[in-house]
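Lettering follows sequence order; numbering is per chain, from 1. Owing to the predicted nature of the structure, the values given are computational and were not obtained by experimental measurement.
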Amino acid sequence: MKTAQRTLRISNTLSGKKEIFTPLHEGLVGMYVCGPTVYNNVHLGNCRTFTSFDIIYRYLLHLGYRVRYVRNITDVGHLTDDGEDRMAQGARLHKLEPMEVAQRYTLDFHEVMRMLNNLPPSIEPRATGHIPEQIEMVQRILERGYAYERNGSVYFNVRKFIAENPGIYGRLSGRVVEELIAESRENLKGQEEKDHPADFALWMKARPGDLMIWKSPWSVGFPGWHLECSVMSTKYLGQTFDIHGGGGDLKFPHHENEIAQNYGACGCSPARYWIHTNMLQLNGAKMSKSEGNFITPEQLFTGTSSLLSKAYSPMVLRYYFLQAHYASVLDMTEEGLRAAEKAYNKMMETNQLLQSLPVNTATYDGSESAHDRAILRHIEAAYEGMDDDFNTAIALAHLNELCSYVHKIAHRQIPLDDVSPWVIERLKTFFRAFLFDIFGLRDERQHANGNHLVEGLMALILDIRAAARAQKDWNTSDKIRDALAALGIALKDGKDGTTWTRL
RNA sequence: GGUAUCGUGGCCGAGCGGUUAGGCACAGGUCUGCAAAACCUGCUACAGCGGUUCGAAUCCGCUCGAUACCUCCA
């Protein structure tokens, strides 16, 4: 698959329109995604965001692009409402060094990403590893006149920036600064230093007791939360790059301020396409720790949440995400998870069936049947779905349609001769590419069945049962089936013998 | 309170003015020793009320509800 063969369209949240994607440099894509703040276990909603971008990353790779995918780890500067650094707060709550907190939850994050089969980004920079660069950017913004120093802290001058660069600030989030001014006047807390409520910190002077501090020309302190992304995207992708992504909740103020910082430092816009993913809800309401409507990835995978009756595997979760478009709110319910589990298992079984289909090249006469055309149409439609703003729901629908064909062929409802061998081969390649390369699914059943001893024992048992069945010894046959069912193994009697799966 | 987005059949969800997306569940059938699986068939929905249009789930207005941001929870 060559890049030139397909036209990719992306909903650009900067313009609010769906645009044809053309990278800055042909064949190369630079993508920056805002990563997690590692002060706690990774949130399920974060899992959806990073899985969405993983699929975008995978599809770009599949199209033949060389992609540099940068996703940061925020380990300093993201303050809570009380003005305490999240990392420092985590450290205080868990009685740990801030870097211990960062390490613990970075490992947790990586483990969950691995379970979800998300590819690691090309570069995963940390905010604390880029303090000198952040100080440099603050200096550049100061030199260009868009920031001011107050008692050792440095703030971005939003009003001056807007006056001199109309149409930049507020474009992404649709914000009008006059309204922000009116709004924020009410809840000013400890922000007396700022000239204006809309201004935001580039560098914060440390207060007594602050744990994460560095020397700078202005004070001993720490960088503002938004600065790291401006700095690290510039460092690894250049002043202007292709795609910047993140959760929709980051649009304002984080991304808006990020753009202002980049523009303020270099006079140019950072990303050309902005992609924002939408929220994950639980039982029709937002996930909220305080209201108990909350579940961690670990609880989901182990079935230890009181909100669920059983465990659901990482691949079932991934399949669940695939059924919806990344920009839509997704509601998670137990019934929905059950449906996804069943659909996922069926998809994996059908693929296994497809891959084992014989291809009789001797009968190939070069013609194209009605079935051939129907199959090829669904394959193309799945690609078109992905081309249209990475619509995995559309692509998945066509894969399901194709599953029906696979079964009809496998069960001789469509004679094998009615489908051209090259179409069967194409279908096999297509399924492998979409299921594993693009959707990033893993066949969990294969892992479960990958035990040689179990495989051997099952083969023996099924052989004995087949012999009993040949003698119409239904007692023995059913005894074996019932006993295996009790062990969590389901038998499926087909025309070509019996197969088994774990429940 | 302000701003924005959304509200689709029993459930989850696609849909971007004019071919009943798809999955799960459910019902009937084929196959089968029985069951399961698989396959076939059925289930024509768009929050409410108005409007624009030959035609609206899709555009506009209002009402109600949800979510996000403004304000710490992703």
Side-chain angles (χ1 to χ4, degrees), chain A residues 11 16 18 34 36-37 40 42-50 78-84 86 89 170 173-176 179-180 182-184 186-187 189 197-198 246-254 256 276-281 284-291 294 319-320 322-325 327-347 349-350 353 381 385 388-389 391-401 403-404 406-408 410-414 469 472-474 477-478 481-482 485 490-495 498-501 503:
Chain A
S11 278
K18 206 177 273 185
C34 287
T37 303
N40 212 331
V42 65
H43 192 285
L44 250 194
N46 262 161
C47 290
R48 160 134 109 131
T49 293
F50 299 131
H78 196 168
L79 303 181
T80 67
D81 197 29
D82 303 327
E84 185 174 16
R86 289 185 189 220
Q89 188 182 60
S173 59
R175 259 320 116 175
V176 181
E179 288 172 5
L180 285 174
E183 287 305 310
S184 8
E186 295 299 320
N187 23 0
K189 291 193 272 194
D249 51 343
L250 295 178
K251 253 192 200 177
F252 189 88
H254 182 59
E256 201 69 80
H276 287 95
T277 58
N278 219 135
M279 302 295 103
L280 180 68
Q281 292 179 208
K286 73 165 171 179
M287 278 204 215
S288 158
K289 247 182 203 168
S290 52
E291 286 169 42
F294 188 82
Y319 194 92
Y320 200 83
L322 284 165
Q323 288 178 302
H325 183 75
S328 300
V329 174
L330 209 206
D331 189 23
M332 177 176 281
T333 60
E334 173 121 46
E335 203 175 344
L337 283 167
R338 253 179 220 286
E341 182 174 60
K342 196 149 182 186
Y344 161 74
N345 284 135
K346 227 160 115 176
M347 182 68 78
E349 278 167 32
T350 306
L353 188 62
D388 188 6
D389 200 22
N391 198 325
T392 53
I394 295 281
L396 203 53
H398 290 287
L399 251 71
N400 272 304
E401 294 282 1
C403 282
S404 176
V406 171
H407 282 117
K408 283 178 190 170
H411 296 112
R412 316 278 188 273
Q413 281 158 341
I414 293 176
R469 286 164 61 77
K472 296 191 190 290
D473 178 2
W474 308 127
S477 172
D478 291 352
R481 186 175 68 196
D482 295 345
L491 297 187
K492 294 174 186 177
D493 294 323
K495 282 190 174 123
T498 301
T499 57
W500 63 279
T501 53
L503 292 175

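- A distance of 9.5 Å separates NZ of A/K342 from CG of A/N345, quoted to the nearest 0.5 Å.
- Backbone-only contact: A/Q281 has heavy atoms under 4.0 Å from sugar-phosphate atoms and none from a base.
- Looking at heavy-atom distances under 4.0 Å, A/T333 makes contact with sugar-phosphate atoms alone, never a base.
- Atom pair A/N345:CG and B/rA36:C1' shows a separation of 15 Å (rounding to whole Å applied).
- Nucleic acid contact for A/A343: sugar-phosphate only, since backbone atoms but no base atoms lie under 4.0 Å from a heavy atom of the residue.
- Pair check for B/rC39 finds B/rG29; Watson-Crick or G-U wobble, both atom distances under 3.5 Å.
- Annotation: B/rG23 and B/rC39 have their P atoms spaced 10 Å apart (nearest Å).
- Atom-to-atom, CD of A/E341 to P of B/rG23 comes out at 18 Å; the value is rounded to the nearest Å.
- Summary of the strand contacts: A/D389 and A/K408 both lie near RNA chain B, and taking for each the nucleotide with the nearest heavy atom, the more 5' one is attributed to A/D389.
- Rounded to an integer number of Å, the gap from A/H411 NE2 to B/rA37 C1' is 8 Å.
- Between A/Q281 atom CD and A/T333 atom OG1 the span is 11.5 Å, to the nearest 0.5 Å.
- The residue A/Q413 sits close only to the backbone: its heavy atoms come under 4.0 Å of sugar-phosphate atoms, none of a base.
- With both ends at atom C1', the span from B/rU32 to B/rU67 equals 50 Å, rounded to whole Å.
- Between the C1' atom of B/rA36 and the CH2 atom of A/W474 lies a distance of 15 Å, rounded to the nearest Å.
- Across all strands shown, nothing is found opposite B/rG55 as a Watson-Crick or G-U wobble partner with both distances under 3.5 Å.
- Put simply, OH on A/Y320 and CG on A/L330 are 6.0 Å apart, with the number rounded to the nearest 0.5 Å.
- Using a 4.0 Å heavy-atom criterion, one finds that A/K342 contacts the sugar-phosphate atoms exclusively.
- For B/rA47, the paired base is B/rU63 (Watson-Crick or G-U wobble, both distances below 3.5 Å).
- Considering CE of A/M347 and CG of A/L322, their distance stands at 9.0 Å, rounded to 0.5 Å.
- Here the closest non-hydrogen pair linking A/D389 and A/K18 is CB-CE, 4.2 Å.
- Across all strands shown, B/rC69 forms a Watson-Crick or G-U wobble pair, both distances under 3.5 Å, with B/rG2.
- The nucleotide B/rU20 finds no pairing partner, because no Watson-Crick or G-U wobble arrangement with both distances shorter than 3.5 Å includes it.
- Among the protein residues, A/S477 comes within range of the nucleic acid bases, having at least one heavy atom under 4.0 Å from a base atom.
- Within the 3.5 Å criterion, the main-chain N or O of A/K346 finds a donor-acceptor partner in the side chain of A/T350.
- A close approach under 4.0 Å does not occur between any side-chain nitrogen or oxygen of A/K251 and OP1 or OP2 of B/rC70.
- Shown here, B/rA14 forms no base pair; nothing in the strands shown gives a Watson-Crick or G-U wobble contact with both key distances under 3.5 Å.
- Using C1' as the reference atom, B/rU53 and B/rC60 are 12 Å apart when rounded to the nearest Å.
- A/L399 comes within 4.0 angstrom of no nucleic acid atom, judged by non-hydrogen atoms across all strands.
- A/Y320 comes within contact range of the sugar-phosphate backbone alone, with a heavy-atom separation under 4.0 Å but no base atom that close.
- Only the P atoms considered, B/rC49 is 43 Å distant from B/rU30, to the nearest whole Å.
- OP1 or OP2 of B/rC39 sits under 4.0 Å from a side-chain N or O of A/H407.
- Dashed line: the shortest gap from a side-chain N or O of A/S328 to OP1 or OP2 of B/rA14 is under 4.0 Å.
- Residue A/R48 is out of contact with every strand shown, counting any heavy-atom pair closer than 4.0 Å.
- When the P atom is compared between B/rA21 and B/rA36, the two are found 30 Å apart, to the nearest whole Å.
- Using a 4.0 Å heavy-atom distance criterion, A/H325 is classed as a sugar-phosphate-only contact.
- Following rounding to the nearest Å, A/L280 (CG) and B/rA66 (P) show an atom-to-atom distance of 19 Å.
- Among the atoms of the strands shown, only primed sugar atoms or phosphate atoms (P, OP1, OP2) are found under 4.0 Å from some heavy atom of A/E401.
- Across all strands shown, A/P253 has heavy atoms under 4.0 Å from sugar-phosphate atoms exclusively, and none from any base.
- Considering only side-chain N and O atoms, A/S404 lies under 4.0 angstrom from the phosphate OP1 or OP2 of B/rC40.
- One interatomic measurement links the two molecules: CG of A/D331 to P of B/rU67, which rounds to 10 Å at whole-angstrom precision.
- Between the side chain of A/D493 and the base of B/rA35 there is at least one donor-acceptor pair of N/O atoms closer than 3.5 Å.
- Nucleotides B/rG13 and B/rC24 are separated by 16 Å at their P atoms, to the nearest Å.
- At the heavy-atom level, A/T49 lies nowhere under 4.0 Å from the strands shown.
- As rounded to whole Å, 13 Å separates atom P of B/rA36 from atom CG of A/D478.
- Taking 4.0 angstrom as the limit, A/N391 places a side-chain polar atom (N or O) nearer than this to OP1 or OP2 of B/rG15.
- At the heavy-atom level, A/K346 lies under 4.0 Å from the strands shown only through sugar-phosphate atoms.
- Looking at heavy atoms from C-beta onward, A/T277 lies out of side-chain contact with A/R48 at the 4.5 angstrom threshold.
- Contact annotation: side chain of A/R481 to base of B/rA35, donor-acceptor pair present below 3.5 Å.
- Toward the 5' end of RNA chain B, the nearer of the two residues A/E335 and A/R338, judged by each one's closest nucleotide, is A/E335.
- To the nearest angstrom, P of B/rG23 lies 21 Å from CE of A/M332.
- Rounded to whole Å, the C1' atom of B/rC40 lies 34 Å from the corresponding atom of B/rG55.
- The same atom, P, is picked in B/rG48 and in B/rC11; the two are 14 Å apart, to the nearest Å.
- Rounding to the nearest 0.5 Å places OG1 of A/T498 at 4.0 Å from CG of A/D493.
- The minimum heavy-atom distance between A/L353 and A/H407, with the atom names listed, is CD2-CD2, 3.3 Å.
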